[in-house]
Amino acid sequence: MPAKKTGPRAAAQSLKERPQARVLIIGGGINGVGTFRDLALQGVDVALVERGDYCQGASGASSHMIHGGIRYLENGEFRLVRESVVERNRLIRIAPHYVKPLQTTIPIFSTFSGVMSAPLRFLSHKQQGKPKERGAFLIKLGLSIYDSFSRDGGTVPRHQFRGRKRALAELPRLHPGIKYAATYFDASVHNPERLTLDVLQDGEKAGLANPGPAGSTARASNYVSLQSMGREVPAGNGSTTNGSTVQLRDELTGELFDFTADVIVNTTGAWVDLTNEAMGAASRFMGGTKGSHIVLDHPDLLDACKGREIFFEHTDGRIVLIYPMGDRVLVGTTDVDADMARDAVCTDEEIEYFLELIGHVFPEVPVDRGQIVYTFSGVRPLPRHDATQPGFVSRDYRIERQAGGRGAVVFSLVGGKWTTFRALAEHLANDVLAELGIERRVSTAKLAIGGGAGFPVDEPGVQAWIKAHVSADRGADRTALLLTRYGTRAEEVIAFLDAGPDRLLRSTRELSVRELEFMARHEQIGHLADVLIRRTSLAFRGLVTGELLNEVSEALAGPLGWDSAAQAREIQHAEEVLERFHRIQVHSLVA
């Protein structure tokens, strides 16, 4: 297998050196990256560009859940719920390093509430009068249907109902006014950004394993944006369709270059219409809604959850959640129409909403703004919904085919959710394969993702793996962290760490100088903020300090070719990103 080129902007450079492919995917969220992997596995010459970092948009601003979407039953989206449950179970098997079963409890305050209004909501997709919470009868019915979808290959236990006494015995900090508690299992993904990277790297490896005359047939670069549609390219030279040339821009260097493809796949999420407009194929497909979250450093609230997600309906009818992620607690989410002209950020009003809803479930657990260590917000890539209320907009997806303004066929993805990314990518890849006249040769249904291959199946297996990989210079805690961060791909990282002198950073025991060099070489680091927000969970957990900014920028300077001025710019950029999008103020130690 040819070696993958590494180094600063090697990925972007490969696109500039060979500016054509059969398929160009625009958008590096999980759905675009999943489609990239699928097509690469079929031997298709495919390229992907992302204007920011991978998983920077809606994919990175999710509720970190892999779930069947029980509430979608009320919208009549049975196909989506069935597919979601099947894909949830599948991801637990093929991505066990990141996707874990999540015990979920619904506190219930009534028995028959909502029985009359639910059919009307089902038929009209609108709230009928004042919101009414779902009672035990409706929730029991929904969970029974939900369980039925897991019978074929289910990997999680069936739901259970508890009366008030037993529920409070299990979760004593719950509101004492509850009548029941229903408990079922979904799944969570604590590292969605790293799972996206694993999927991407699987695609890149497939391209290296099946190279064309000019090298890898699967190339991807972050920080490359679409600018406009260029000239039409006549059919020929192996093309089955008229191709087109688009103009791309390297966002880190400012360089413009042309790139030609037979088929263009638009997976830019809420920005699909804007991307199509730039390509001369105007559309009105999208109507995204904004969802915000807060992360709390709150040991008392963490203890109150007892390791479970608390999933419930707030007084306004919005389904919200509280659940532990490591030593932090995630609270979300809102669902309001998005203004695409403004940054998606968590507002003061949304923060007040979150603090109030925590009190609705855990009235004796005081929470205040000082315990918030991180906030994040994203725009869901939902279809245009006009008068339909945001909570009733379909979470299903569809694929729109258009003849591009200058010859290429354009497939636009409308909708899509994290849980179904593999099935969605398969569907989208099949449409592209049909357009190109190519037969599918590999299914991804049972194919392990990245570091999920050979991942230990239980805790004794995890401990055995850690014991087998510790060294005199790398203790069990550090080795366990590497396994958590990379899955079994940690073996590749460990080999790199052991190949030269290394040291942990002074500001955190979770990163070393050589690990940062590994990231710079193999994970397309474009900005300092990429490491803090998407290659690690340091920002998410509120662990970014001024000293950390300085140390990480210094460690990256050599591998990425940053001089002192570039380091200063990267530190300033990271500070601005954390404050502007995540309401976190950090100031470096260097003026």
Side-chain angles (χ1 to χ4, degrees), residues 1 21-23 25 27-48 54-55 59 66-68 79-80 82-100 149-150 152-155 187 189 191-210 216-220 263 265 267 396-399 411 413 415-436 438-455 486-489:
M1 181 187 300
R22 297 299 304 278
V23 180
I25 299 172
I30 186 58
N31 292 315
V33 168
T35 306
F36 171 79
R37 172 183 183 248
D38 198 308
L39 288 172
L41 288 165
Q42 315 316 318
V44 175
D45 185 8
V46 58
L48 179 147
Y54 302 113
C55 202
S59 295
I66 300 294
H67 66 106
R79 189 214 69 81
L80 175 62
R82 181 184 294 277
E83 180 180 71
S84 297
V85 170
V86 169
E87 289 300 308
R88 176 202 68 193
N89 295 342
R90 178 171 283 133
L91 286 173
I92 291 173
R93 292 192 295 268
I94 67 176
H97 53 324
Y98 296 138
V99 180
K100 311 286 185 181
F149 292 155
S150 279
D152 183 16
T155 57
V189 53
N191 296 280
E193 298 88 354
R194 295 215 61 88
L195 178 53
T196 302
L197 278 179
D198 259 16
V199 175
L200 181 85
Q201 291 176 357
D202 280 353
E204 291 177 325
K205 288 183 178 180
L208 289 169
N210 298 282
S216 176
T217 52
R219 297 166 295 153
V263 175
V265 180
T267 56
D396 210 343
Y397 62 87
R398 72 178 192 268
I399 299 165
F411 287 102
L413 174 62
K417 57 197 291 282
W418 245 105
T419 307
T420 57
F421 83 83
R422 190 216 61 84
L424 184 157
E426 184 175 75
H427 183 178
L428 188 47
N430 283 341
D431 285 3
V432 173
L433 292 172
E435 192 72 35
L436 297 175
I438 298 173
E439 294 289 329
R440 172 174 289 276
R441 65 189 192 189
V442 178
S443 171
T444 60
K446 297 182 179 179
L447 193 63
I449 294 174
F455 192 80
Y486 299 96
T488 53
R489 276 187 171 160

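Atom CG of Asn191 is separated from atom NE2 of His97 by 9.0 Å, given to the nearest 0.5 angstrom. Interatomic distance, Tyr54 OH to Arg194 CZ, rounded to the nearest 0.5 Å: 13.5 Å. The line from CZ of Arg93 to CD1 of Ile449 is 12.0 Å long, rounded to the nearest 0.5 Å. Atoms CG and CZ, from Leu428 and Phe36 in turn, are 14.0 Å apart once rounded to the nearest 0.5 Å. Remark: Asp431 CG to Glu426 CD distance equals 11.0 Å, nearest 0.5 Å.
Of the possible donor and acceptor atoms, none in the side chain of Glu83 sits under 3.5 Å from a partner among the backbone N and O of Thr420. Side-chain atoms of Thr488 do not come within 3.5 Å of backbone N or O of Phe455 as any donor-acceptor pair. Under the 3.5 Å distance criterion, the side-chain polar atoms of Thr217 are matched with a main-chain donor or acceptor of Asn210.
Between Ser84 and Lys417 the shortest side-chain heavy-atom distance falls below 4.5 Å. For the pair Phe411 and Val23, the minimum side-chain heavy-atom distance is 4.5 Å or more. Put simply, the side chain of Asp396 reaches to within 4.5 Å of the side chain of Arg79, judged on heavy atoms. Put simply, the side chain of Val432 does not reach to within 4.5 Å of the side chain of Thr35, judged on heavy atoms. With a 4.5 Å cut-off on side-chain heavy atoms, Val46 and Arg22 do not count as touching. For the pair Val199 and Ile30, the minimum side-chain heavy-atom distance is below 4.5 Å.
Pairing each heavy atom of Thr444 with each of Ile94, the nearest pair is O-CD1, 4.2 Å. The two residues Ala218 and Ala40 have their closest heavy-atom pair at CB-CB, 3.7 Å. Pairing each heavy atom of Thr419 with each of Leu91, the nearest pair is O-CD1, 3.7 Å. The two atoms that bring Tyr98 and Tyr486 nearest to each other are OH-CA, 3.6 Å, heavy atoms only. A pairwise comparison of heavy atoms in Leu48 and Gly32 identifies CD1-O, 3.5 Å as the closest pair. Across all non-hydrogen atoms, the minimal contact from Trp418 to Ser59 is NE1-O, 2.7 Å.
Residues passing the side chain to side chain contact (heavy atoms under 4.5 Å, CB included) test with Glu193 are Cys55, Arg534, sequence neighbours excluded. Under the side chain to side chain contact (heavy atoms under 4.5 Å, CB included) criterion, Ala445 pairs with Arg90, Arg422, Ser443, not counting sequence neighbours. Residues meeting the side chain to side chain contact (heavy atoms under 4.5 Å, CB included) test with Asn31, sequence neighbours left out: Leu413, Phe421, Leu424. Arg489 meets the salt bridge (charged side-chain N to carboxylate O under 4.0 Å, His left out) test with Asp198, Asp202; sequence neighbours excluded. Looking at residues two or more places apart in sequence or on another chain, you find a side-chain hydrogen bond (donor to acceptor under 3.5 Å, both in side chains) between Arg440 and Asp38, Asn430. For Arg441, there are no salt bridge (charged side-chain N to carboxylate O under 4.0 Å, His left out) partners two or more places apart in sequence or in a different chain.
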- Task: Start with the C-alpha gap between Val442 and Gln42, add the side-chain angles, then the distance that decides, and say whether side-chain contact (heavy atoms from CB on, under 4.5 Å) holds.
- Result: CA-CA 6 Å; Val442 178; Gln42 315 316 318; 4.0 Å; yes

- Start with the C-alpha gap between Arg37 and Leu200, add the side-chain angles, then the distance that decides, and say whether side-chain contact (heavy atoms from CB on, under 4.5 Å) holds. CA-CA 6 Å; Arg37 172 183 183 248; Leu200 181 85; over 6 Å; no

